[in-house]
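Atoms considered below: every heavy atom in the structure, side chains included; atoms not considered: hydrogens, waters and symmetry mates. Quick caveat, the model's predicted, so the values are computed rather than measured.
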Amino acid sequence: QVHLVESGGGSVQAGGSLRLSCAASGYTYSSYCMGWLRQAPGKEREGVAHIGGDGTTSYVDSVKGRFTISKDNAKNTLYLQMNTLKPEDTAVYYCAAELATYCSGGYHYWGQGTQVTVSS
């Protein structure tokens with residue numbers, strides 16, 4: 001059984017930083033695509049950052065240069081370092097896993113989500 005558990009969300013002022021973590025268990029974490037997605041109230045869920053099993057990363061344009069996705073294979077943990085946060089980054093952030101080396105957006109497993117609130 002695959003489990004993804006996010007942590008690290010919270011409230012911060014604009015310009016601040018947060019680091020999200022996602023602890024994964026139940027599968028061979030290092031070989032597969034993982035990502036962070038977010039959903040703001042009244043908006044559709046969007047992909048924020050993805051990292052393939054080969055380490056290739058991609059980001060949505062709105063977070064490029066501010067967010068960094070990484071993973072620690074020894075700890076089976078995915079991270080999202082978020083800097084220079086903006087109020088429009090406010091959302092519930094989800095960790096997700098796709099059982100494929102290369103990310104296609106077809107995620108198979110999801111965490112429960114963690115709230116990030118950025119005040120102006």
Side-chain angles (χ1 to χ4, degrees):
Q1 186 76 13
V2 175
H3 288 288
L4 302 173
V5 180
E6 301 101 332
S7 61
S11 297
V12 65
Q13 290 191 326
S17 299
L18 285 173
R19 187 176 80 156
L20 305 182
S21 299
C22 173
S25 62
Y27 75 115
T28 308
Y29 158 89
S30 62
S31 302
Y32 297 123
C33 166
M34 295 194 73
W36 290 98
L37 300 92
R38 66 186 179 187
Q39 187 164 22
K43 295 187 177 181
E44 293 188 357
R45 186 172 57 202
E46 68 168 347
V48 176
H50 313 277
I51 183 166
D54 62 349
T56 302
T57 59
S58 62
Y59 300 89
V60 67
D61 285 346
S62 60
V63 308
K64 285 181 180 177
R66 299 188 298 122
F67 290 11
T68 302
I69 188 171
S70 63
K71 59 182 182 176
D72 185 331
N73 291 335
K75 295 182 178 179
N76 273 11
T77 302
L78 179 73
Y79 301 101
L80 184 68
Q81 178 66 44
M82 305 186 293
N83 298 328
T84 320
L85 283 160
K86 304 176 180 180
E88 51 263 44
D89 294 319
T90 295
V92 177
Y93 284 70
Y94 298 91
C95 167
E98 179 178 355
L99 299 183
T101 299
Y102 302 105
C103 299
S104 70
Y107 287 102
H108 299 95
Y109 299 100
W110 296 82
Q112 81 286 354
T114 185
Q115 176 71 44
V116 171
T117 303
V118 184
S119 58
S120 58

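- Residues satisfying the side chain to side chain contact (heavy atoms under 4.5 Å, CB included) test with Val118, not counting sequence neighbours, are Val12, Ala14, Leu85, Pro87, Asp89, Thr90, Val116.
- Among residues two or more places apart in sequence or in another chain, the side chain to side chain contact (heavy atoms under 4.5 Å, CB included) test is passed with Thr68 by Tyr59, Gln81.
- Atom CZ of residue Phe67 and atom CG of residue Leu20 lie 8.0 Å apart, to the nearest 0.5 angstrom.
- The side-chain hydrogen bond (donor to acceptor under 3.5 Å, both in side chains) analysis of residues 2-21, with sequence neighbours excluded, yields the pairs Glu6-Gln112, Ser17-Asn83.
- If you take CE on Met34 and OG on Ser70, they are separated by 11.5 Å, rounding to the nearest 0.5 Å.
- The cluster map of Ile, Leu, Val, Met, Phe, Trp and Tyr, joined by side-chain heavy atoms under 4.5 Å apart, puts Leu18 and Val60 in the same cluster.
- Contact of the Trp36 side chain with the Leu78 side chain is registered, since non-hydrogen atoms from C-beta on lie closer than 4.5 Å.
- Residues passing the side-chain hydrogen bond (donor to acceptor under 3.5 Å, both in side chains) test with Ser104, sequence neighbours excluded: Glu98.
- Note on residues 40-60: pairs passing salt bridge (charged side-chain N to carboxylate O under 4.0 Å, His left out), not counting sequence neighbours, are Arg38-Glu46.
- Contact record, Thr101 with Tyr32: N-CD2, 4.3 Å, taken as the closest heavy-atom pair.
- By the criterion of side-chain heavy atoms lying less than 4.5 angstrom apart, applied directly or through intervening Ile, Leu, Val, Met, Phe, Trp or Tyr residues, Val63 is grouped together with Ile69 in one hydrophobic cluster.
- Val92 belongs to a hydrophobic cluster whose remaining members, ordered by chain and number, are Leu37, Tyr94, Tyr107, Trp110; membership requires side-chain heavy atoms of ILVMFWY residues under 4.5 Å apart, directly or through intermediates.
- Between the CG atom of Leu80 and the SG atom of Cys22 there is a distance of 10.5 Å, given to the nearest 0.5 Å.
- The OG atom of Ser25 lies 7.5 Å from the CG atom of Leu4; values are rounded to the nearest 0.5 Å.
- Not a single donor-acceptor pair under 3.5 Å links the side chain of His50 to the backbone N or O of Cys103.
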